[in-house]
**Student:** 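After the structure tokens below, expect a handful of questions from me.
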Amino acid sequence: MLRIRCPYCQEARSEEEFSHAGEAHIPRPANPDASSDAQWGEYLHLRRNPRGPHREMWVHTAGCRRYFNVLRDTVNYEILATYAMGERPADEPEEGAL
């Protein structure tokens, strides 16, 4: 079982209090009205499935109910960092590693 630290509540809790909300930092199309169906389909459905460090969104469903980001290693499930929406972790690996 994972222990996840909510960056808003500032305490580590059991993963049962949280819900996974998908990949983090996915940029919305810059001009939605000019985007093709294929571009929207890619934005909505195509996600990376990396081996190693991966940025994810989670929500503290049984706590503050706020969304936040998690940097988690998909090989060993280790949580490397948690951070508020709109932020990046201070100790984030190089961009090429993600």
Side-chain angles (χ1 to χ4, degrees):
M1 175 183 336
L2 295 174
R3 299 280 299 166
I4 302 172
R5 185 189 71 80
C6 175
Y8 302 107
C9 297
Q10 294 296 323
E11 65 180 270
R13 306 297 298 234
S14 167
E15 74 178 288
E16 295 166 339
E17 288 193 16
F18 300 87
S19 297
H20 184 264
E23 186 175 344
H25 305 293
I26 299 171
R28 186 175 175 87
N31 188 355
D33 294 332
S35 297
S36 68
D37 288 345
Q39 288 169 315
W40 273 110
E42 186 174 317
Y43 167 71
L44 293 171
H45 302 292
L46 294 184
R47 299 292 180 259
R48 297 177 29 181
N49 188 18
R51 180 175 170 83
H54 180 60
R55 291 180 231 133
E56 304 171 332
M57 255 189 327
W58 287 71
V59 62
H60 194 175
T61 49
C64 64
R65 305 181 90 183
R66 294 178 74 179
Y67 284 85
F68 62 95
N69 294 312
V70 173
L71 180 61
R72 183 178 68 86
D73 191 315
T74 61
V75 175
N76 61 14
Y77 297 103
E78 179 184 3
I79 293 180
L80 306 171
T82 61
Y83 52 102
M85 298 300 283
E87 297 179 357
R88 298 274 181 160
D91 56 347
E92 183 174 41
E94 294 295 320
E95 186 64 33
L98 296 178

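Since the model is a prediction, treat every value here as computed from it, not as a measurement. Counting from 1, the numbers follow the sequence of the chain as shown.
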**Student:** Would you give the length of the straight line joining atom SG of C6 to atom CZ of R65, rounded to the nearest 0.5 angstrom?
**Tutor:**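 It is 13.0 Å, given to the nearest 0.5 Å.
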**Student:** Out of curiosity, does F68 fall in the hydrophobic cluster containing V59 (side-chain heavy atoms, cut-off under 4.5 Å, transitive links)?
**Tutor:**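 Yes.
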**Student:** When you group the ILVMFWY residues by side-chain heavy-atom contacts below 4.5 Å and let the links chain together, are Y77 and W58 in the same group?
**Tutor:**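 Per the 4.5 Å side-chain linkage, W58 and Y77 are co-clustered.
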**Student:** Quick check on E15: does its CD atom have over 12 non-hydrogen neighbours (other residues, nucleotides or ligands) under 6.0 Å away?
**Tutor:**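 For E15, atom CD is crowded (more than 12 foreign heavy atoms under 6.0 Å).
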**Student:** Assess whether atom CG of N49 is packed by more than 12 heavy atoms of other residues, nucleotides or ligands within 6.0 Å.
**Tutor:**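 It does not: N49 CG has 12 such atoms or fewer within range.
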**Student:** Once rounded to the nearest 0.5 Å, what's the spacing between atom CG of L2 and atom OG of S14?
**Tutor:**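 That separation rounds to 8.5 Å.
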**Student:** Counting only heavy atoms from other residues, nucleotides and ligands, does the tally under 6.0 Å from CG of D37 exceed 12?
**Tutor:**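 Open.
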**Student:** I need the minimum non-hydrogen distance between T74 and R51, along with the two atoms involved.
**Tutor:**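 Looking at all heavy atoms of both residues, the shortest contact is OG1-CA, 3.4 Å.
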**Student:** Which atom pair, heavy atoms only, marks the closest approach of P29 to P32?
**Tutor:**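 Heavy atoms of P29 and P32 come nearest at O-CD, 3.7 Å.
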**Student:** What are the two closest non-hydrogen atoms of R47 and E42, and how far apart are they?
**Tutor:**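 Minimum heavy-atom contact is NH1-O, 4.0 Å.
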**Student:** With a 4.5 Å heavy-atom cut-off, do N69 and R55 have their side chains touching?
**Tutor:**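 Answer no - side chains too far apart.
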**Student:** So, taking the atom named OG in S19 and the one named CE in M57, what distance separates them when rounded to the nearest 0.5 Å?
**Tutor:**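 With rounding to 0.5 Å, OG (S19) is 12.0 Å from CE (M57).
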**Student:** Please identify each residue that fulfils side chain to side chain donor-acceptor pair (under 3.5 Å) with R13, with sequence neighbours left out.
**Tutor:**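 Partners of R13 under the side chain to side chain donor-acceptor pair (under 3.5 Å) test: E11, E17.
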**Student:** Quick check on the hydrophobic clustering: are Y83 and Y67 connected, directly or via other members, by side-chain heavy-atom contacts under 4.5 Å?
**Tutor:**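 The answer is no; the residues belong to distinct hydrophobic clusters.
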**Student:** Applying side-chain contact (heavy atoms from CB on, under 4.5 Å), run through E56 and E23 and close with a yes or a no.
**Tutor:** CA-CA 4 Å; E56 304 171 332; E23 186 175 344; over 6 Å; no
**Student:** Check whether any side-chain heavy atom of P27 sits under 4.5 Å from a side-chain heavy atom of H25, and report yes or no.
**Tutor:**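 Of all side-chain heavy-atom pairs linking H25 with P27, none is under 4.5 Å.
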**Student:** How far does CZ of R48 sit from NE2 of H54, to the nearest 0.5 angstrom?
**Tutor:**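 Those atoms lie 6.5 Å apart.
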**Student:** Are I79 and M85 connected in the hydrophobic side-chain network, where two residues link if heavy atoms are under 4.5 Å apart?
**Tutor:**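 Same cluster: I79 reaches M85 through Ile, Leu, Val, Met, Phe, Trp or Tyr contacts under 4.5 Å.
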**Student:** Supply the atom-to-atom distance Q39 CD to L44 CG, rounded to the nearest 0.5 angstrom.
**Tutor:**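 Rounded to the nearest 0.5 Å, the CD-CG separation comes out at 12.0 Å.
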**Student:** Can you name the ring pair (Phe, Tyr, Trp, His ring centres under 6.0 Å) partners of Y43, sequence neighbours left out?
**Tutor:**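 W40.
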**Student:** On the 0 to 90° scale, with breaks at 30° and 60°, tag the F18-H60 ring pair as parallel, tilted or perpendicular.
**Tutor:**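 Correct class here is parallel.
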**Student:** Measure the spacing between CZ of R72 and OG1 of T82 and express it to the nearest 0.5 Å.
**Tutor:**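 Result: 13.5 Å between the selected atoms.
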